[in-house]
A.B. asks: 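To start, I am sharing the structure in question, which I have written as structure tokens.
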Amino acid sequence: MIDLRQLREHPDSFLERLNLRGDYSAPIQQILTLDQQQRQIEVERSQLQARSNEIGKLVGQQIKSAGKDDPAVQALRDEGNQIKAKLSELEPAEKVIKAQLEALALTIPNLPDPATPVGKNEDENVEIKRWGDEYLPSNPDVLPHWEIGERLGILNFERSAKIAQSRFVTLIGAGAALERALIQFMLDRQTAAGYTEISPPFLVNSASLTASGQLPKFAEESFKCDKDDLWLLPTAEVAINSLHRDEILEADSLPLHYCAYTPCFRREAGSYGRDTRGLIRLHQFDKVEMFKFVRPETSEQEHESLLQNAEAILQALHLPYRVITLCTGDLGFSAIKTYDLEVWMPSQAKYREISSCSNCGDFQSRRGNVRFKQAGKKGTQFLHTLNGSGLAVGRTMAAILENYQQPDGSVLLPKALQPYLGRERL
RNA sequence: GGAGAGGUGGCUGAGUGGUCGAAAGCGGCAGAUUGCUAAUCUGUUGUACGGUUUAGGUCGUACCGAGGGUUCGAAUCCCUCCCUCUCCGCCA
């Protein structure tokens, strides 16, 4: 949620930064108008209520001293009724405006951080690092991971479509074990890095999705269970973000670092043509997520260490990757700054996203009303939230199947993973 | 799914129509005092929004699970929903 007070006080600089994402002039103007109307009504309303409260007390006193049939009592009652009549017009009007204001404000994305490069779309993202050139595979005839996977008999798409739909996979034998091993491996690493593991509900309510930013704007992206106001979790970020919703945390308890393995469910609406084969873009995939609740002044630094924690997995698996900083035009809705990790996919001769590490500033904590309080100090502050994949399991599996593919059609397993599977190759 | 009980401030817990934002205790904070790793005493102690102020501040409104209703006036009465607990049923 944007900071309405900040917008009200510095509308020009606010809009200038926001417009680095696209043109939001119209809704912002509307928000400013609604905000002004709302406050105007609020002033009038609270004055009336003050008088009404006063009358309420006076009636009580008058009845005690002069009896309930005293003419003064009737006069006060009349005045009270008049106020009630006025309030019955003001209150609904204010509610409507407030609802419009909130609905609109919820569709405004977060302001990009000054450190986020300015750009229109993904073509203007900035590469900041490459790692693992020495691990680039030398095998020139690498098969795409879905082909090698089906040859090895460890994954099957056709039968998955029979069970569910296209864009689902069934893992078989060593494939299923590999997935489980990767989850275990990643959780082991991230918990060793200080993240507290949680296992949240895989169904979440609308409030949780709104808090993290998926609703109201991206309702089409998630699967909904209509009867229950529950949605299939699109990412563990949603669940962990709501773990402390409507709470006031002790400053001393921060930072809180969590990680979680969950499946993630996404409708992938509007991406019908892309990545139709393989493990890259499925309706259901596994992910180990990292999430931090931190004090505002530390979030930049926490963002860097979050990135390192994600990188550590790729490094441990000896998978070549690069790090890019998303530009303002490609930045996600809730983020102020995002690093993407892209792993090398030999069959496509391209780097493909395998982790996204974002600093969301106080955007999600405003939406979820998560604050912290310094003991002994007055007032509360919104904290900052950060999230990052550590990592997407399906894409990691795809990267392994391609980068570790041998000329004889077998797939070597990364050394770090071998103990988890009790074997050296697939 | 059926029956019952209940949701009050950081916690425990009183409060069933009128100075209740809410007693009391605990905890927290500040001070006093006692020569002993603590006791005692005193004071203080929620959040949000808005008006006003250079600021400290000050004033107002709202909040006793959520949303409606009755009333001059609701934590208190009525309705709907959500959640928790106990028992029964069902079930991994």
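Per chain, numbering begins at 1; letters A, B, ... match sequence-line order.
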A.B. asks: Using the P atom as the reference point in each nucleotide, state the distance between B:rG43 and B:rA48 in Å, no decimals.
C.D. replies: 28 Å
A.B. asks: Write down the protein N/O and nucleotide N/O pairs, taken from nucleotides 67-71 of chain B, whose separation is under 3.5 Å; answer none if there are no such pairs.
C.D. replies:
unit_1: B:rG68; atom_1: OP1; unit_2: A:Lys95; atom_2: NZ; d: 2.3

A.B. asks: Rounded to whole angstrom, note down the P distance from B:rG15 over to B:rA24.
C.D. replies: 15 Å
A.B. asks: When rounded to the nearest Å, what value does the distance between P atoms of B:rG7 and B:rC78 take?
C.D. replies: 14 Å
A.B. asks: Measure from NZ on A:Lys373 to P on B:rC29 and round the result to the nearest Å.
C.D. replies: 13 Å
A.B. asks: Testing A:Glu150, A:Glu402, A:Gln348 one by one against A:His145 for a side-chain hydrogen bond (donor to acceptor under 3.5 Å, both in side chains), which residue passes?
C.D. replies: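 One option only clears the test, and that one is A:Glu402.
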A.B. asks: Roughly how far apart, to the nearest Å, are B:rG9 and B:rA66 at atom P?
C.D. replies: 10 Å
A.B. asks: Determine: side-chain N/O of A:Lys64 to OP1/OP2 of B:rU19, distance under 4.0 Å, yes or no.
C.D. replies: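 Checking B:rU19 against A:Lys64, no side-chain N or O comes under 4.0 Å of OP1 or OP2.
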A.B. asks: With heavy atoms under 4.0 Å as the rule, sort A:Ile83 into base, sugar-phosphate or nothing.
C.D. replies: nothing
A.B. asks: Looking just at side-chain N and O atoms, do A:Ser305 and A:Lys292 make a donor-acceptor pair shorter than 3.5 Å?
C.D. replies: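 A pair is found: one side chain offers a donor N or O, the other an acceptor, under 3.5 Å apart.
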A.B. asks: Check this for me, if you would: do A:Glu221 and A:Arg267 make a salt bridge, where the nitrogen-to-carboxylate-oxygen distance has to be below 4.0 angstrom?
C.D. replies: no
A.B. asks: So among A:Phe293, A:Phe372, A:Phe291, A:Phe382, which one has a ring pair (Phe, Tyr, Trp, His ring centres under 6.0 Å) with A:His244?
C.D. replies: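 Of the listed residues A:Phe293, A:Phe372, A:Phe291, A:Phe382, the ring pair (Phe, Tyr, Trp, His ring centres under 6.0 Å) partner of A:His244 is A:Phe293.
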A.B. asks: In whole Å, what separates the C1' atom of B:rA55 from that of B:rG68?
C.D. replies: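 That atom pair is separated by 43 Å.
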A.B. asks: Which heavy atom of A:Ser356 sits nearest to which heavy atom of A:Ser389, and what is that distance?
C.D. replies: N-OG, 3.1 Å
A.B. asks: Between P on B:rA62 and CG on A:Leu87, what's the gap in Å once rounded to a whole number?
C.D. replies: 10 Å
A.B. asks: Whole Å only: how far is the NZ atom of A:Lys57 from the P atom of B:rG18?
C.D. replies: 14 Å
A.B. asks: Look up atom CG in A:Leu111 and atom CG in A:Asn19, then write down how far apart they are to the nearest 0.5 Å.
C.D. replies: 10.0 Å
A.B. asks: Whole angstroms only, please: what is the CD-P distance between A:Gln374 and B:rG28?
C.D. replies: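 Between P of B:rG28 and CD of A:Gln374: 17 Å.
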A.B. asks: To the nearest Å, give me how far apart CZ (A:Phe202) and C1' (B:rA92) are.
C.D. replies: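 After rounding, the gap between these two atoms is 15 Å.
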A.B. asks: Hey, are A:Arg281 and A:Asp275 close enough for a salt bridge, meaning a charged N less than 4.0 Å from a carboxylate O?
C.D. replies: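 A:Asp275 and A:Arg281: salt-bridged.
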A.B. asks: With P as the reference atom in both, quote the distance from B:rG6 to B:rU58 in angstrom, rounded to an integer.
C.D. replies: 41 Å
A.B. asks: Quick one, which residues of residues 33-54 of chain A touch RNA chain B with a heavy atom under 4.0 Å?
C.D. replies: A:Arg39, A:Glu42, A:Val43, A:Arg45, A:Ser46, A:Gln49, A:Ala50, A:Asn53
A.B. asks: Any ion pair linking A:Arg295 and A:Glu297 (charged N to carboxylate O, less than 4.0 Å)?
C.D. replies: yes
A.B. asks: If you round to the nearest 0.5 Å, how far is OG of A:Ser355 from CD of A:Glu311?
C.D. replies: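 Atom-to-atom, A:Glu311:CD and A:Ser355:OG are 9.0 Å apart.
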A.B. asks: In whole angstrom, what separates A:Arg366's CZ from B:rU47's P?
C.D. replies: 17 Å
A.B. asks: Could you please spell out the steps behind the salt bridge (charged side-chain N to carboxylate O under 4.0 Å, His left out) verdict for A:Glu94 and A:Arg45?
C.D. replies: CA-CA 9 Å; A:Glu94 191 184 358; A:Arg45 194 211 67 220; 2.6 Å; yes
A.B. asks: Got a minute to check which stems RNA chain B is part of, using Watson-Crick or G-U wobble pairs under 3.5 Å, three or more consecutive?
C.D. replies: B:1-7 with B:82-88, B:10-12 with B:24-26, B:27-32 with B:40-45, B:46-52 with B:57-63, B:65-69 with B:77-81
A.B. asks: Do A:Arg51 and A:Glu54 sit within salt-bridge range, that is, some charged N less than 4.0 Å from a carboxylate O?
C.D. replies: yes
A.B. asks: Using a strict 4.0 Å threshold on nitrogen-to-oxygen distance, state whether A:Lys120 and A:Asp330 make a salt bridge.
C.D. replies: no
A.B. asks: Heavy-atom nearest nucleotide on RNA chain B for A:Arg5 versus A:Gly60: which residue maps closer to 5'?
C.D. replies: A:Gly60
A.B. asks: Would you kindly give the NZ-to-C1' distance between A:Lys98 and B:rC49, to the nearest whole Å?
C.D. replies: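 Atom-to-atom, A:Lys98 to B:rC49, this comes out as 7 Å.
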A.B. asks: With C1' as the reference atom in both, quote the distance from B:rU54 to B:rU47 in angstrom, rounded to an integer.
C.D. replies: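 To the nearest whole Å, 27 Å.
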A.B. asks: Mind calculating the distance between CD1 (A:Ile248) and P (B:rC63) to the nearest angstrom?
C.D. replies: 18 Å
A.B. asks: Return the orientation label for the A:Phe168 and A:His283 ring planes: parallel under 30°, perpendicular over 60°, tilted otherwise.
C.D. replies: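 Geometry flag for A:His283 against A:Phe168: tilted rings.
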A.B. asks: In whole Å, measure the gap between the C1' atoms of B:rG65 and B:rU8 for me.
C.D. replies: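 Looking at atom C1' only, B:rG65 and B:rU8 are 10 Å apart.
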